[in-house]
Amino acid sequence: MAKKGMKIGLALAAGAGAAAVLAKTTSKEHKAPAPVSNSDYRNTERGKYEKNSKGIYYSNGNYEAFARPEKPEGVDHKNAYIVGSGLASLAAACFLVRDGQMPGSHIHILEAMDIAGGACDGIFDPSRGYIMRGGREMENHFECLWDLFRSIPSLETPGVSVLDEYYWLNKHDPNYSLCRATVNRGQDAHTDGKFNLSQKGCMEIMKLFMTKDEDLYDKKIEDVFDDEVFNSTFWLYWRTMFAFENWHSALEMKLYFQRFIHHIAGLPDFSALKFTKYNQYESLILPMQKLSGRLQALISSSTQKITNVLFDFKDGKKIASAIECRVKGVEKGIVLTENDLVFVTNGSCTEGTIYGDQNHAPNGDAEVRTSGCWNLWKNIAKQDPSFGHPEKFCSDINKTNWESATITTLDAKIIPYITNICKRDPRTGKVVTGGIVSCKDSKWLLSWTINRQGQFKEQDPDKVCVWVYGLFTDVPGDYVKKPMKECTGKEITEEWLYHLGVPTEQIPELAEKSAVCVPTMMPYITAFFMPRTKGDRPDVIPDGCVNFAFLGQFADTPRDTVFTTEYSVRTAMEAVYGLLGIDRGVPEVWGSVYDIRELLSSTVKLMDGKSPLEIQLPGPLNALKKPVLHFIKGTVIEKVLRDYDVLKDGM
């Protein structure tokens, strides 16, 4: 199918070029027909920024970005109840205060866990050690995220924002990798910035790129790609960086490709990425939490678990009328009016995390931390089809799990093996690996990364925190002949040391005495990548809702991609702006997918520097190249094609 699509697409392009040449040569022979008059048509930009059915509109550019909205009517008489205290929830609280000008004392954050942050975590557990379940990769076009953090004060530098310090950090210490993958126990795999895609593989990706969303509903990646893609270096980069599996959603794959088309060249060495100074909890969550505290937002935690939100349905409106909760085991409720706004984070990728330690695997009697957010969404969804279908995402943990681990070195004995691979000393406080290093021949498909140290503000400067994860948790390892999910922290460290190239006779002692490891099994970590259709993820503000909105990775917003900090903040911004009627544009998803320059550049990059014009077409079509190139000679089209290496000297 891909080959057929390629031929048809190229034939259309060539045919269009031929038609243009023919039109040029015959224009003098035929008089063009007179234009048809349309008396009802008028050119205008009135209505361009009218709000949609959700009460928002999208914008771009500095005019909207720098403007402050007026105070919404009636906001002083409203209250907000925010279920959860992850990134999306805290962002909603900040937008309520900053742009909605809601009094902080009117904002109630309801949290079941004993710490805020949700999936954006980073803690020191005295009984286990340092724990980071994951990391956050960011880029310059997270429009809503940066809109928020430009107004969140830094905790370390007086008078500047979190965005300011982040911007300066990544200017002074830009991120890039010097070794993207290894083979044969720590040897450079020499991916060398190449994708190594065949012509057929490129065409499969381009076909997916141009496929309509509805044609990808409930389809898996393996339905649209074959071994031409799966055996390429491109797929190694892609699946290890984004945690995509062959059975995941083809639609999400397409959305990712379109969303980050401007960063294709940065995929092999992570030069497109930017990272925070510390772990995401200390760098992102704590500044927001401190701001919320100063604004007197009320955070109820530890003993309050929300179990349901009840709705009244009347006159086409869906009104959240009560919040059901359990406080110290006792059922209670919060009665709501239309002036009480409810924001719910539905679903969670880190729900039910199972914690192991140095000597225990994350299974059996291991600690499990749960907030009940999946059951909450199920209870809400039973009341109306527009509230989504949680079972599409949380019903098959064999396809949605992977395991991560935080390894902390205790002395200098492991450091030389790290430096040998990443070519940097991890104790300098600067970029270390520059992103994950994937062990290409690992049976677990193990990847590891070291961000700027210390990853924790109070971290011992002689210790290094390493984040490790494996995509295949149910197969025996290369050194440890057990599935990753059955391994203790020590055994995971042994497997990692094996792939670093540590002599096998030294591995047991180094894993025992020179490092401590905390493994975490996350049953739903890639749940948002499961194949889906329209309506499985509910709209941020479901149709008809007047005082209720969903937040986070399982709410649906156009064009953006899940598993990003941007997605959490975007859904929060849309929810607050829509329910409060804030008259300011939500920054649109960066429009690189509509930028011809980015499309041309990414096409050449995907083919490792080869121009699409160098592709050999069937005889008659190949013959049309010269007349088409002759037709554009001397035009701005020729200049653009040359600027982006599509048209080269000698063509």
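The structure displayed is predicted, hence computed values, not measured ones.
Residues Ser601 and Lys605 have side chains that bring a donor and an acceptor to within less than 3.5 angstrom of each other. Between the side chains of Thr488 and Asn359, no donor-acceptor pair is found at a separation under 3.5 Å. There is a side-chain donor-acceptor pair under 3.5 Å between Thr473 and Asn401. A donor-acceptor contact under 3.5 angstrom links the side chains of Thr449 and Thr433, judged on distance only. With 3.5 Å as the limit, one finds no donor-acceptor pair spanning the side chains of Thr182 and Gln187. At a cut-off of 3.5 Å, with distance as the only test, no side-chain donor of Glu486 or Asn363 sits close to an acceptor on the other residue.
Between Cys465 and Met132, some side-chain heavy-atom pair lies under the 4.5 Å cut-off. Using a 4.5 Å heavy-atom cutoff, the side chains of Glu403 and Pro519 are in contact. With a 4.5 Å cut-off on side-chain heavy atoms, Tyr355 and Pro362 do not count as touching. The side-chain heavy atoms of Leu251 and Lys219, taken from C-beta on, include no pair separated by under 4.5 Å. Within the 4.5 Å cutoff, the side chain of Asp478 has heavy atoms near those of the Ser442 side chain. Here the side chains of Met241 and Leu273 are in contact, with some heavy-atom distance below 4.5 Å. Looking only at side-chain heavy atoms (C-beta outward), Phe230 and Glu222 come within less than 4.5 Å of each other. Counting only heavy atoms from C-beta outward, the side chains of Leu236 and Arg239 never approach each other to under 4.5 Å.
For the pair Glu204 (side chain) and Asp226 (backbone), a donor-acceptor distance under 3.5 Å is present. No donor-acceptor distance shorter than 3.5 angstrom exists from the side chain of Tyr644 to the backbone of Ser602, with no hydrogens or angles considered. Using a distance-only test at 3.5 Å, with no hydrogens or angles considered, no donor-acceptor pair links the side chain of Ser514 to the main chain of Lys413. A donor-acceptor pair is defined here as one N or O able to donate and one able to accept, closer than 3.5 Å; no such pair exists between the side chain of Gln280 and the backbone of Cys120. Not a single donor-acceptor pair under 3.5 Å links the side chain of Gln453 to the backbone N or O of Pro426. Using modelled atom types, no side-chain atom of Asp608 and backbone atom of Lys194 make a donor-acceptor pair closer than 3.5 Å. Checking side-chain atoms of Thr520 against main-chain N and O of Ala405 turns up no donor-acceptor pair under 3.5 Å. Formation of a donor-acceptor pair under 3.5 Å by the Ser404 side chain with backbone atoms of Arg133 is found in this model. Panel note: side chain Thr419, backbone Pro416; no donor-acceptor pair is recorded below 3.5 Å. Checking side-chain atoms of Lys625 against main-chain N and O of Leu613 turns up a donor-acceptor pair under 3.5 Å.
Ion pairing between a basic and an acidic side chain is recognised when a charged N comes within 4.0 Å of a carboxylate O; Glu139 and Arg259 show such pairing. Salt-bridge annotation for Glu245 and Lys399: absent, with no side-chain N of the basic residue lying under 4.0 Å from a carboxylate O of the acidic one. With respect to the salt-bridge test (charged N to carboxylate O, under 4.0 angstrom), the residues Glu566 and Arg570 qualify. A salt bridge is absent between Lys274 and Glu137; no separation between the charged side-chain nitrogens and carboxylate oxygens falls under 4.0 Å.
Residue Phe209 places its CZ atom among more than 12 non-hydrogen atoms of other residues, nucleotides or ligands, all under 6.0 Å distant. Around the NZ atom of Lys481, the shell of radius 6.0 Å holds more than 12 heavy atoms that belong to other residues, nucleotides or ligands. The local environment of CD in Glu505 is crowded, with over 12 non-hydrogen atoms from other residues, nucleotides or ligands closer than 6.0 Å. Counting heavy atoms of neighbouring residues, nucleotides and ligands inside a 6.0 Å radius, atom NZ of Lys639 does not exceed 12 of them. Residue His360 places its NE2 atom among 12 or fewer non-hydrogen atoms of other residues, nucleotides or ligands, all under 6.0 Å distant. The neighbour count for Lys513 NZ, taken as heavy atoms of other residues, nucleotides or ligands under 6.0 Å away, does not exceed 12.
Screening Ile525, Leu445, Thr240, Leu446 for a side chain to side chain contact (heavy atoms under 4.5 Å, CB included) with Tyr469, the sole residue that qualifies is Thr240. Applying the salt bridge (Lys or Arg N to Asp or Glu O under 4.0 Å) test between Asp173 and each of Lys277, Arg452, Arg424 identifies Arg452 as the sole match.
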Problem - CA sep, side-chain torsions, deciding dist, call: Phe393, Phe528, ring-ring contact (aromatic ring centres under 6.0 Å, His included) - result: CA-CA 6 Å; Phe393 306 99; Phe528 29 59; 8.9 Å; no
Exercise for the section: List the steps and the verdict of ring-ring contact (aromatic ring centres under 6.0 Å, His included) for Phe456 and Phe124. Expected result: CA-CA 8 Å; Phe456 294 80; Phe124 177 73; 7.9 Å; no
Practice task
Apply the test side chain to side chain contact (heavy atoms under 4.5 Å, CB included) to residues Asn279 and Trp467: give CA-CA distance (whole Å), side-chain angles for both, the deciding distance (0.1 Å), then the verdict.
Solution key: CA-CA 11 Å; Asn279 62 80; Trp467 185 76; over 6 Å; no
Practice task
Step by step, work out the side chain to side chain donor-acceptor pair (under 3.5 Å) result for Thr561 and Glu252.
Solution key: CA-CA 7 Å; Thr561 50; Glu252 300 305 332; over 6 Å; no
Exercise for the section: Step by step, work out the side chain to side chain contact (heavy atoms under 4.5 Å, CB included) result for Ile492 and Met484. Expected result: CA-CA 7 Å; Ile492 291 173; Met484 187 179 186; 4.3 Å; yes
Practice task
Begin with the C-alpha distance, continue with both residues' side-chain angles, and end with the deciding distance and a verdict on side chain to side chain contact (heavy atoms under 4.5 Å, CB included) for Cys349 and Met522.
Solution key: CA-CA 7 Å; Cys349 63; Met522 292 167 283; over 6 Å; no
Exercise for the section: Show your working on side chain to side chain contact (heavy atoms under 4.5 Å, CB included) between Val466 and Thr406 and close with a plain yes or no. Expected result: CA-CA 6 Å; Val466 186; Thr406 307; over 6 Å; no
Practice task
Apply salt bridge (Lys or Arg N to Asp or Glu O under 4.0 Å) to Asp649 and Arg642, showing your working.
Solution key: CA-CA 9 Å; Asp649 292 342; Arg642 288 194 181 279; 3.4 Å; yes
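Taking the six-membered ring wherever Trp is involved, the centroid distance between the rings of Tyr256 and Phe242 falls below 6.0 Å. Here Phe472 and Trp444 keep their ring centres 6.0 angstrom or further from each other. The aromatic ring centroids of Trp238 and Phe257 lie less than 6.0 Å from each other. Checked against the 6.0 Å centroid criterion, the rings of Trp235 and Tyr237 do not qualify as a close aromatic pair.
Note that SG of Cys202 and CG of Leu606 are 4.5 Å apart. Values are rounded to the nearest 0.5 Å.
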Mind listing the side-chain donor-acceptor pairs of residues 589-597 below 3.5 Å, one per line with the distance, residues two or more places apart or on another chain?
from   : atom 1 : to     : atom 2 : distance (Å)
Ser592 : OG     : His262 : ND1    : 2.8
Asp595 : OD1    : Arg597 : N      : 2.9
Asp595 : OD1    : Arg597 : NE     : 3.0
Asp595 : OD2    : Arg597 : NE     : 3.4
Asp595 : OD2    : Arg597 : NH2    : 2.7

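Summarising the geometry of Pro174 relative to Lys171, their closest heavy-atom pair is CD-O, 3.7 Å, with the distance given to 0.1 Å.
Under a cutoff of 6.0 Å and an axis angle of 45°, Arg185 and Tyr498 form a cation-pi pair. With Tyr278 as the aromatic partner, Arg136 does not meet the cation-pi criteria of under 6.0 angstrom to the ring centre and within 45 degrees of the ring axis.
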